[in-house]
Amino acid sequence: MSPHSKEISTCETSTRIDGLPVLEDNIIWIWIHGGNAVVVDPAVSEPIQQWLTARGLNLLAVLQTHHHSDHIGGTEGLLQAWPKAEVIAAKADLERIPFQTISVKDGDIIKLMDHQINVIEVPGHTKAHIAYFVNSNQGKGGTRALFCGDTLFSGGCGRLFEGSPVDMFLSLKKLNTLPEETQVFCAHEYTESNLYWARSINPKNNSIKKRLKEVIKLRGKGLLSLPTTISLERSINLFLMAKSPKELGELRNHKDNWKG
Ligand code: ZN
Ligand code: FE
(Lines give C-alpha, C1' and ligand atoms only; values in the text may rest on other atoms or scores of the structure.)
(Ligands and ions follow the chains in the order given, each with its own letter.)
Protein backbone atom coordinates (compact mmCIF):
# COMPACT_ATOMS: atom_id res chain seq x y z
CA MET A 1 0.00 0.00 0.00
CA SER A 2 1.32 3.48 -0.80
CA PRO A 3 1.63 6.06 1.99
CA HIS A 4 -1.43 7.83 0.58
CA SER A 5 -3.56 4.71 0.82
CA LYS A 6 -6.49 4.04 3.07
CA GLU A 7 -8.01 0.62 3.67
CA ILE A 8 -11.71 1.25 3.89
CA SER A 9 -13.28 -2.13 4.21
CA THR A 10 -12.53 -5.60 5.40
CA CYS A 11 -14.90 -7.39 3.03
CA GLU A 12 -13.61 -10.41 1.11
CA THR A 13 -12.49 -8.57 -1.99
CA SER A 14 -10.13 -5.97 -0.68
CA THR A 15 -11.26 -2.41 -1.10
CA ARG A 16 -9.09 0.61 -0.64
CA ILE A 17 -8.85 4.23 -1.65
CA ASP A 18 -5.56 5.78 -2.73
CA GLY A 19 -4.87 9.47 -3.17
CA LEU A 20 -2.67 10.70 -5.98
CA PRO A 21 -1.54 14.32 -5.49
CA VAL A 22 -1.33 16.19 -8.81
CA LEU A 23 -0.97 19.79 -10.00
CA GLU A 24 -0.53 22.25 -7.16
CA ASP A 25 -2.90 20.83 -4.57
CA ASN A 26 -5.42 18.52 -6.31
CA ILE A 27 -5.87 14.97 -5.09
CA ILE A 28 -7.20 12.36 -7.47
CA TRP A 29 -8.82 9.59 -5.43
CA ILE A 30 -8.55 6.07 -6.82
CA TRP A 31 -10.94 3.55 -5.34
CA ILE A 32 -9.75 0.00 -5.93
CA HIS A 33 -11.82 -3.16 -5.52
CA GLY A 34 -10.34 -6.43 -6.74
CA GLY A 35 -8.82 -5.76 -10.17
CA ASN A 36 -10.99 -2.73 -10.90
CA ALA A 37 -10.65 0.95 -10.16
CA VAL A 38 -12.93 3.96 -10.01
CA VAL A 39 -11.24 7.34 -10.30
CA VAL A 40 -12.71 10.52 -8.87
CA ASP A 41 -12.17 13.90 -10.58
CA PRO A 42 -9.11 13.16 -12.70
CA ALA A 43 -7.46 16.54 -13.20
CA VAL A 44 -4.90 14.94 -15.52
CA SER A 45 -4.74 11.54 -17.21
CA GLU A 46 -1.12 10.48 -17.54
CA PRO A 47 -0.15 9.85 -13.90
CA ILE A 48 -3.40 7.94 -13.38
CA GLN A 49 -2.91 5.86 -16.50
CA GLN A 50 0.61 4.96 -15.39
CA TRP A 51 -0.50 4.24 -11.85
CA LEU A 52 -3.32 1.91 -12.92
CA THR A 53 -1.27 0.18 -15.61
CA ALA A 54 1.61 -0.46 -13.23
CA ARG A 55 -0.80 -2.28 -10.92
CA GLY A 56 -2.65 -4.13 -13.68
CA LEU A 57 -5.92 -2.42 -12.82
CA ASN A 58 -8.88 -1.90 -15.12
CA LEU A 59 -10.60 1.49 -15.10
CA LEU A 60 -14.28 0.81 -14.53
CA ALA A 61 -15.61 4.33 -14.09
CA VAL A 62 -14.84 7.98 -13.53
CA LEU A 63 -16.89 9.95 -11.01
CA GLN A 64 -17.16 13.69 -11.69
CA THR A 65 -18.24 16.05 -8.95
CA HIS A 66 -18.31 19.21 -11.11
CA HIS A 67 -17.15 20.68 -14.39
CA HIS A 68 -13.99 22.62 -13.44
CA SER A 69 -10.96 21.71 -15.55
CA ASP A 70 -8.91 20.65 -12.52
CA HIS A 71 -11.55 17.91 -12.04
CA ILE A 72 -12.40 16.77 -15.57
CA GLY A 73 -9.17 17.60 -17.42
CA GLY A 74 -7.90 14.02 -17.52
CA THR A 75 -11.12 12.17 -18.24
CA GLU A 76 -11.00 12.08 -22.03
CA GLY A 77 -7.39 10.90 -21.94
CA LEU A 78 -8.40 8.04 -19.64
CA LEU A 79 -11.28 7.14 -21.96
CA GLN A 80 -8.81 6.69 -24.81
CA ALA A 81 -6.97 4.10 -22.74
CA TRP A 82 -10.14 2.51 -21.29
CA PRO A 83 -12.93 3.16 -23.85
CA LYS A 84 -15.44 1.05 -21.92
CA ALA A 85 -15.15 3.08 -18.72
CA GLU A 86 -18.32 4.85 -17.65
CA VAL A 87 -18.27 8.55 -16.82
CA ILE A 88 -20.76 9.45 -14.12
CA ALA A 89 -21.70 13.11 -13.77
CA ALA A 90 -24.63 15.43 -13.07
CA LYS A 91 -27.26 15.47 -15.78
CA ALA A 92 -27.63 19.18 -15.07
CA ASP A 93 -24.02 19.58 -16.29
CA LEU A 94 -24.47 17.65 -19.54
CA GLU A 95 -23.35 20.70 -21.50
CA ARG A 96 -20.24 21.29 -19.43
CA ILE A 97 -19.37 17.58 -19.01
CA PRO A 98 -20.45 16.31 -22.45
CA PHE A 99 -18.56 13.01 -22.29
CA GLN A 100 -20.66 11.69 -19.40
CA THR A 101 -22.18 8.24 -20.08
CA ILE A 102 -24.29 7.89 -16.93
CA SER A 103 -26.17 11.05 -16.01
CA VAL A 104 -27.32 11.36 -12.42
CA LYS A 105 -29.30 13.62 -10.15
CA ASP A 106 -29.97 14.05 -6.44
CA GLY A 107 -31.23 10.86 -4.78
CA ASP A 108 -30.00 8.49 -7.49
CA ILE A 109 -28.36 5.27 -6.38
CA ILE A 110 -25.59 3.69 -8.45
CA LYS A 111 -24.14 0.23 -7.92
CA LEU A 112 -20.39 -0.02 -8.49
CA MET A 113 -17.80 -2.54 -7.32
CA ASP A 114 -20.17 -4.29 -4.86
CA HIS A 115 -21.03 -0.98 -3.25
CA GLN A 116 -23.98 1.33 -3.30
CA ILE A 117 -23.37 4.98 -4.11
CA ASN A 118 -25.83 7.70 -3.22
CA VAL A 119 -25.77 10.84 -5.34
CA ILE A 120 -26.19 14.03 -3.32
CA GLU A 121 -26.70 17.41 -4.97
CA VAL A 122 -24.54 20.01 -3.22
CA PRO A 123 -24.74 23.33 -5.09
CA GLY A 124 -22.69 26.31 -3.97
CA HIS A 125 -19.20 26.05 -5.47
CA THR A 126 -20.91 25.44 -8.82
CA LYS A 127 -24.62 25.18 -9.47
CA ALA A 128 -24.61 21.51 -10.48
CA HIS A 129 -22.00 20.19 -8.04
CA ILE A 130 -22.70 16.67 -6.77
CA ALA A 131 -21.15 14.44 -4.10
CA TYR A 132 -20.97 10.63 -3.96
CA PHE A 133 -21.58 8.70 -0.76
CA VAL A 134 -20.23 5.16 -0.96
CA ASN A 135 -21.90 2.75 1.38
CA SER A 136 -21.07 -0.94 1.64
CA ASN A 137 -24.23 -1.63 3.63
CA GLN A 138 -22.35 -3.87 6.00
CA GLY A 139 -23.39 -2.32 9.25
CA LYS A 140 -21.10 -0.17 11.32
CA GLY A 141 -17.85 -1.79 10.22
CA GLY A 142 -18.52 -1.30 6.49
CA THR A 143 -17.31 1.30 4.06
CA ARG A 144 -18.61 4.84 4.45
CA ALA A 145 -16.81 7.15 2.08
CA LEU A 146 -17.78 10.54 0.74
CA PHE A 147 -16.30 12.04 -2.41
CA CYS A 148 -17.29 15.68 -2.08
CA GLY A 149 -15.15 17.46 -4.68
CA ASP A 150 -14.85 21.17 -3.89
CA THR A 151 -17.82 21.40 -1.51
CA LEU A 152 -16.40 20.37 1.86
CA PHE A 153 -12.69 20.65 2.64
CA SER A 154 -11.00 19.78 5.90
CA GLY A 155 -11.40 22.99 7.86
CA GLY A 156 -13.03 24.76 4.93
CA CYS A 157 -15.51 24.77 2.07
CA GLY A 158 -15.41 25.61 -1.62
CA ARG A 159 -15.57 29.16 -2.90
CA LEU A 160 -19.01 30.33 -3.99
CA PHE A 161 -18.48 30.71 -7.73
CA GLU A 162 -22.04 30.00 -8.86
CA GLY A 163 -24.07 29.55 -5.69
CA SER A 164 -25.20 31.63 -2.73
CA PRO A 165 -24.39 31.29 0.96
CA VAL A 166 -27.86 29.71 1.30
CA ASP A 167 -26.94 27.04 -1.28
CA MET A 168 -23.68 26.18 0.47
CA PHE A 169 -25.30 26.26 3.91
CA LEU A 170 -27.93 23.73 2.81
CA SER A 171 -25.36 21.59 0.98
CA LEU A 172 -23.11 21.36 4.04
CA LYS A 173 -26.14 20.64 6.17
CA LYS A 174 -26.93 17.65 3.94
CA LEU A 175 -23.39 16.31 4.23
CA ASN A 176 -23.51 16.83 7.98
CA THR A 177 -26.36 14.30 8.23
CA LEU A 178 -24.10 11.46 7.03
CA PRO A 179 -22.85 8.97 9.65
CA GLU A 180 -20.13 10.54 11.78
CA GLU A 181 -17.60 7.82 10.91
CA THR A 182 -17.88 8.63 7.18
CA GLN A 183 -14.47 9.21 5.68
CA VAL A 184 -14.39 12.39 3.65
CA PHE A 185 -12.26 12.48 0.53
CA CYS A 186 -11.90 16.13 -0.52
CA ALA A 187 -10.51 17.11 -3.92
CA HIS A 188 -7.84 19.53 -2.63
CA GLU A 189 -5.17 19.46 0.04
CA TYR A 190 -6.04 22.82 1.62
CA THR A 191 -6.22 21.66 5.22
CA GLU A 192 -3.18 23.43 6.64
CA SER A 193 -4.03 26.90 5.32
CA ASN A 194 -7.72 26.39 6.19
CA LEU A 195 -6.76 25.68 9.78
CA TYR A 196 -4.42 28.68 10.07
CA TRP A 197 -7.38 30.78 9.00
CA ALA A 198 -9.80 28.98 11.36
CA ARG A 199 -7.38 29.43 14.27
CA SER A 200 -7.15 33.16 13.54
CA ILE A 201 -10.96 33.41 13.81
CA ASN A 202 -11.33 31.08 16.76
CA PRO A 203 -8.00 31.03 18.65
CA LYS A 204 -9.46 29.27 21.70
CA ASN A 205 -10.73 26.19 19.84
CA ASN A 206 -8.47 23.36 21.02
CA SER A 207 -9.70 20.91 18.37
CA ILE A 208 -8.53 23.27 15.63
CA LYS A 209 -5.14 23.70 17.30
CA LYS A 210 -4.72 19.95 17.77
CA ARG A 211 -5.67 19.13 14.19
CA LEU A 212 -3.38 21.89 12.86
CA LYS A 213 -0.46 20.42 14.81
CA GLU A 214 -1.16 16.95 13.39
CA VAL A 215 -1.54 18.28 9.86
CA ILE A 216 1.75 20.19 10.01
CA LYS A 217 3.44 16.94 11.06
CA LEU A 218 1.80 14.91 8.26
CA ARG A 219 2.57 17.49 5.59
CA GLY A 220 6.14 17.72 6.85
CA LYS A 221 6.51 14.02 6.11
CA GLY A 222 5.00 14.49 2.64
CA LEU A 223 1.74 12.76 3.65
CA LEU A 224 -1.81 13.84 2.91
CA SER A 225 -4.02 15.22 5.69
CA LEU A 226 -6.97 13.45 4.06
CA PRO A 227 -9.34 11.72 4.29
CA THR A 228 -10.95 13.50 7.18
CA THR A 229 -14.19 12.37 8.85
CA ILE A 230 -17.58 13.98 9.38
CA SER A 231 -17.09 13.80 13.14
CA LEU A 232 -13.70 15.53 12.99
CA GLU A 233 -15.07 18.27 10.73
CA ARG A 234 -17.90 18.88 13.19
CA SER A 235 -15.28 20.01 15.69
CA ILE A 236 -12.90 21.99 13.46
CA ASN A 237 -14.82 23.25 10.43
CA LEU A 238 -16.27 26.73 11.00
CA PHE A 239 -18.37 26.52 7.81
CA LEU A 240 -19.97 23.27 8.95
CA MET A 241 -20.58 24.83 12.37
CA ALA A 242 -22.18 28.00 10.94
CA LYS A 243 -25.65 28.51 12.40
CA SER A 244 -27.12 30.42 9.44
CA PRO A 245 -26.47 31.19 5.77
CA LYS A 246 -25.60 34.74 6.88
CA GLU A 247 -22.87 33.49 9.21
CA LEU A 248 -21.55 31.16 6.49
CA GLY A 249 -21.53 34.04 3.98
CA GLU A 250 -19.56 36.24 6.37
CA LEU A 251 -17.01 33.49 7.02
CA ARG A 252 -16.69 32.84 3.27
CA ASN A 253 -16.09 36.57 2.60
CA HIS A 254 -13.53 36.79 5.35
CA LYS A 255 -11.68 33.73 4.09
CA ASP A 256 -11.75 34.96 0.47
CA ASN A 257 -9.96 38.13 1.54
CA TRP A 258 -7.64 36.57 4.14
CA LYS A 259 -3.97 36.93 3.38
CA GLY A 260 -2.71 34.66 6.17
ZN1 ZN B 1 -13.78 23.53 -8.46
FE1 FE C 1 -10.98 22.26 -7.73
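We count ligands from 1, going down the list as the structure has it; atoms in each ligand are counted the same way. Numbering starts at 1 and runs along the sequence shown. Below, all heavy atoms of this structure are taken into account, side chains as well, without hydrogens, waters or symmetry copies. Because the structure is a prediction, the values reported are computed rather than measured.
Of the N and O atoms on the side chains of Thr151 and His129, at least one donor lies less than 3.5 Å from an acceptor on the other residue.
When the Zn ion (ligand 1) is compared with the N/O/S atoms of Asp150, atom OD2 turns out nearest. The N, O or S atom of His68 lying closest to the Zn ion (ligand 1) is ND1.
Counting all heavy atoms, side chain and backbone alike, Gly74 lies closest to Ser45 at O-CB, 3.2 Å.
Within the coordination shell of the Fe ion (ligand 2), defined by N, O or S atoms under 2.8 Å, Asp70 is present. Within the 2.8 Å limit, His68 places no N, O or S atom next to the Fe ion (ligand 2). The Fe ion (ligand 2) has no N, O or S atom of His66 inside 2.8 Å of it. Among the atoms of His66, an N, O or S atom is found under 2.8 Å from the Zn ion (ligand 1).
The NE2 atom of His188 and the OD2 atom of Asp150 meet at the Fe ion (ligand 2) at an angle of about 110°, given to 10°.
Applying side chain to side chain contact (heavy atoms under 4.5 Å, CB included) to Val87 and the options Ile102, Leu78, Thr75 leaves one that passes, Thr75.
Under a 4.0 Å N-O distance rule, the pair Lys174/Asp106 qualifies as a salt bridge.
Using a distance-only test at 3.5 Å, with no hydrogens or angles considered, a donor-acceptor pair links the side chain of Asn26 to the main chain of Asp70.
Taking the six-membered ring where the residue is Trp, Phe185 and Phe147 present tilted rings, their angle falling between 30° and 60°.
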